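As C-alpha cells, the structure follows; a few thoughts come after it.
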Amino acid sequence: MNPLLWGATILLFTSLVSAANLDIGQEINEVCAGCHGEYAEGGKEGEYPRLAGLPAGYMEQELRHFKSKVRLNHPMVPYTKERELPEEDLLDVSAYIATIELYAKLPPIDEENFNAYERLLLSKKLLNVRRIEGDYAAGKQLYSRECASCHGRKGDGKLKSQTPLLAGQYTNYLLKQIHAYQKGTRIHDQEEASESIFKEYSEIQIHNLLAYLSILDDD
Ligand code: HEC
Ligand code: HEC
C-alpha cells in the first residue's frame, strides 16, 4: 500500500478509537442532570456547580479526584464508583458536557424568523450569576493582578491549560472552593496547601473578588 495511504488509514483508525462518543456521553449526562441540570447549568444557587463550558480535561481530572477521594465530594460518591463511571464513560460524559453552551442573556428577538420553541429552548440555557454587592474596583484590581493570567481576563477560563471558568460560576460554589483551598482539603493549581495564595486574603478581599466575578458575566 502507498505509505501516504497507510498514514491516513492509521490516523483514521486512531481517531476512531480515541474519539469520545458524544451520544453515550449525552445518555450518561441524564444521571448527572438530576443534580447539575439538563444543560449542566447547575442549581440551588451553587450547591450544584455549573459544568457547561468547563474544559473537558479539567472535568476528567476532577472526576478522577472524586473517584480516588483526593477531592471529597460526598453527594457524588455513589456516581463515581468504578462500576458506575468507568474511565471510558468518564471521558464520554466530560466531552459531551464540554459541548453545552449556556447564555448569560438572550439574543434580541429576530422578528422575521421568530420561533417560539427555539426561544423556549434558549431560555433554558440561560445562566446569569446573581450580582452581589461589593467594592468592584478593589475586586477587579486583585483579580487582574493575581488570577487573570490563568483564569482569563474575562474569567472565562482557558482551554489550552484546562483552567476552569470563574465568571458564570455560582458565587456560593466559588466561595466554598476558596474555603477548601484555605483549609487545605483541596489543592489549588499544584500549590503547597500550606502556601496557598488564598491564605493571604482577608474575607473582605475575597468578597470583593467574588462580587467582581459576579458582574463579569453580565456583558
Ligand atoms: C447527587 C448529586 C450529584 C450528581 C448526581 C452528580 N453530581 Fe457532580 N457535583 C455535585 C456536587 C454537590 C458538586 C460540588 C462539590 C463541591 O462543592 O466541591 C459536584 C461537582 C462536580 C464537578 C466539579 C466541578 C468543578 O467546577 O470543579 C464535576 C466535574 C461534576 N460534579 C461532574 C458530574 C458528572 C459528570 C456527573 C454524572 C456522572 C455528576 N457530577 C453527578 C453533585 C452531584
Ligand atoms: C497559576 C495559575 C492560576 C492562578 C494564578 C490562579 N488559579 Fe485558580 N485555578 C487554577 C487551576 C489550574 C485550577 C483547577 C484545578 C485546581 O487546581 O483546583 C484552578 C481552580 C480554581 C477554583 C476552583 C474552580 C472550580 O470550578 O472548582 C477557584 C475558585 C479558583 N481557581 C480561584 C482563583 C482565584 C480567585 C485566583 C486569584 C486570586 C486564582 N484562582 C489564581 C489555576 C490558577
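Fair warning: this is a prediction, and the values are worked out from it, not measured in the lab. First listed ligand is number 1; within each ligand, the first listed atom is number 1.
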With a cut-off of 4.0 Å, which atoms of ligand 1 are near a heavy atom of [X]?
| X | answer |
| --- | --- |
| Gln177 | 16 (C), 17 (O), 18 (O) |
| Val31 | 5 (C) |
| Leu54 | 26 (O) |

Which protein N, O or S atoms does atom 8 (Fe) of ligand 1 have within a distance shorter than 2.8 Å?
His36 NE2, Met76 SD
Are a donor atom and an acceptor atom from the side chains of Glu191 and Ser196 found within less than 3.5 Å of each other?
yes
How does Leu209 reach ligand 2, if at all, at less than 4.0 Å between non-hydrogen atoms: by side chain, backbone, both, or neither?
side chain
Indicate, as side chain, backbone, both or neither, the part of Tyr143 found under 4.0 angstrom from ligand 2 when only non-hydrogen atoms are considered.
neither
Strictly under 4.0 Å, does any heavy atom of Leu213 approach an atom of ligand 2?
no
Does ligand 2 have an atom under 4.0 Å from some heavy atom of Gln190?
no
Give a yes or no answer on whether the side chain of His36 reaches the backbone of Gly43 with a donor-acceptor pair at less than 3.5 Å.
no
Would you say [X] has more than 12 foreign heavy atoms packed within less than 6.0 Å of its [atom1]?
| X | atom1 | value |
| --- | --- | --- |
| Lys69 | NZ | no |
| Lys140 | NZ | no |
| Phe114 | CZ | yes |

Please state whether Glu84 comes within less than 4.0 angstrom of ligand 1, counting heavy atoms only.
no
Proximity winner for atom 26 (O) of ligand 2, if only heavy atoms of Tyr181, Tyr58, Tyr201, Tyr212 are counted
Tyr58
If hydrogens are left out, which of Met59, Lys176, Glu62 has an atom nearest to atom 16 (C) of ligand 1, that is, the closest non-hydrogen atom?
Lys176
Less than 4.0 angstrom from a charged side-chain N to a carboxylate O is my criterion; do Lys124 and Glu41 meet it?
no
Flag the pair Arg130 and Glu45 as a salt bridge only when some basic side-chain nitrogen lies within less than 4.0 angstrom of an acidic carboxylate oxygen.
yes
To which protein heavy atom is atom 25 (C) of ligand 1 closest, and what is the distance rounded to 0.1 Å?
Tyr173 OH, 2.9 Å
Please list the nearest protein heavy atom to atom 5 (C) of ligand 2 with its residue and the distance rounded to 0.1 Å.
Glu146 O, 3.2 Å
Enumerate the atoms of ligand 2 whose separation from the nearest heavy atom of [X] is less than 4.0 angstrom.
| X | value |
| --- | --- |
| Ile187 | 16 (C), 17 (O), 18 (O) |
| Leu174 | 29 (C) |
| Arg186 | 18 (O), 23 (C), 25 (C), 27 (O) |

Start with the C-alpha gap between Gln177 and Arg71, add the side-chain angles, then the distance that decides, and say whether side chain to side chain donor-acceptor pair (under 3.5 Å) holds.
CA-CA 11 Å; Gln177 302 313 309; Arg71 178 177 168 195; 3.2 Å; yes
Check [X] against [Y] and note the closest heavy-atom contact, atom names and distance.
| X | Y | result |
| --- | --- | --- |
| Pro55 | Gln162 | CB-OE1, 3.2 Å |
| Asp23 | Asn21 | N-OD1, 3.0 Å |
| Lys67 | Thr80 | CG-O, 2.8 Å |
| Ala40 | Ile97 | CB-CG2, 3.7 Å |

Could you walk me through whether Arg131 and Tyr136 pass the side-chain contact (heavy atoms from CB on, under 4.5 Å) test, one step at a time?
CA-CA 11 Å; Arg131 174 184 280 248; Tyr136 301 123; 3.6 Å; yes
Can you find a pair of side-chain heavy atoms, one from Asn172 and one from Lys176, that are under 4.5 Å apart?
no
What's the verdict on side-chain contact (heavy atoms from CB on, under 4.5 Å) for Val93 and Gln26, showing C-alpha distance, side-chain angles and the deciding distance?
CA-CA 7 Å; Val93 76; Gln26 183 168 16; over 6 Å; no
Counting only heavy atoms, which portion of Glu47 has something under 4.0 Å from ligand 1: side chain, backbone, both, or neither?
backbone
Does only the side chain of Thr80 get under 4.0 Å from ligand 1, or the backbone, or both, or neither? Count heavy atoms.
neither
Please state whether the rings of Tyr181 and His188 are parallel, tilted or perpendicular, taking 30° and 60° as the class boundaries.
tilted
N/O donor-acceptor pairs under 3.5 Å from side chains in residues 203-217, not counting sequence neighbours:
| residue | atom | partner | partner atom | Å |
| --- | --- | --- | --- | --- |
| Glu203 | OE2 | His179 | NE2 | 3.4 |
| Gln205 | OE1 | Ser202 | N | 3.1 |
| His207 | NE2 | Glu133 | O | 2.7 |
| Asn208 | OD1 | Asp135 | N | 3.0 |
| Asn208 | ND2 | Ile204 | O | 3.4 |
| Ser214 | OG | Ile132 | N | 3.0 |
| Ser214 | OG | Ala211 | O | 2.7 |
| Asp217 | OD2 | Val129 | N | 2.9 |

I'd like to verify the contacts: list protein N, O or S atoms under a distance of 2.8 Å from atom 8 (Fe) of ligand 2.
His151 NE2, His188 NE2
Supply the members, apart from Tyr79, of the Ile/Leu/Val/Met/Phe/Trp/Tyr cluster built from side-chain contacts under 4.5 Å; use none for a lone residue.
Val31
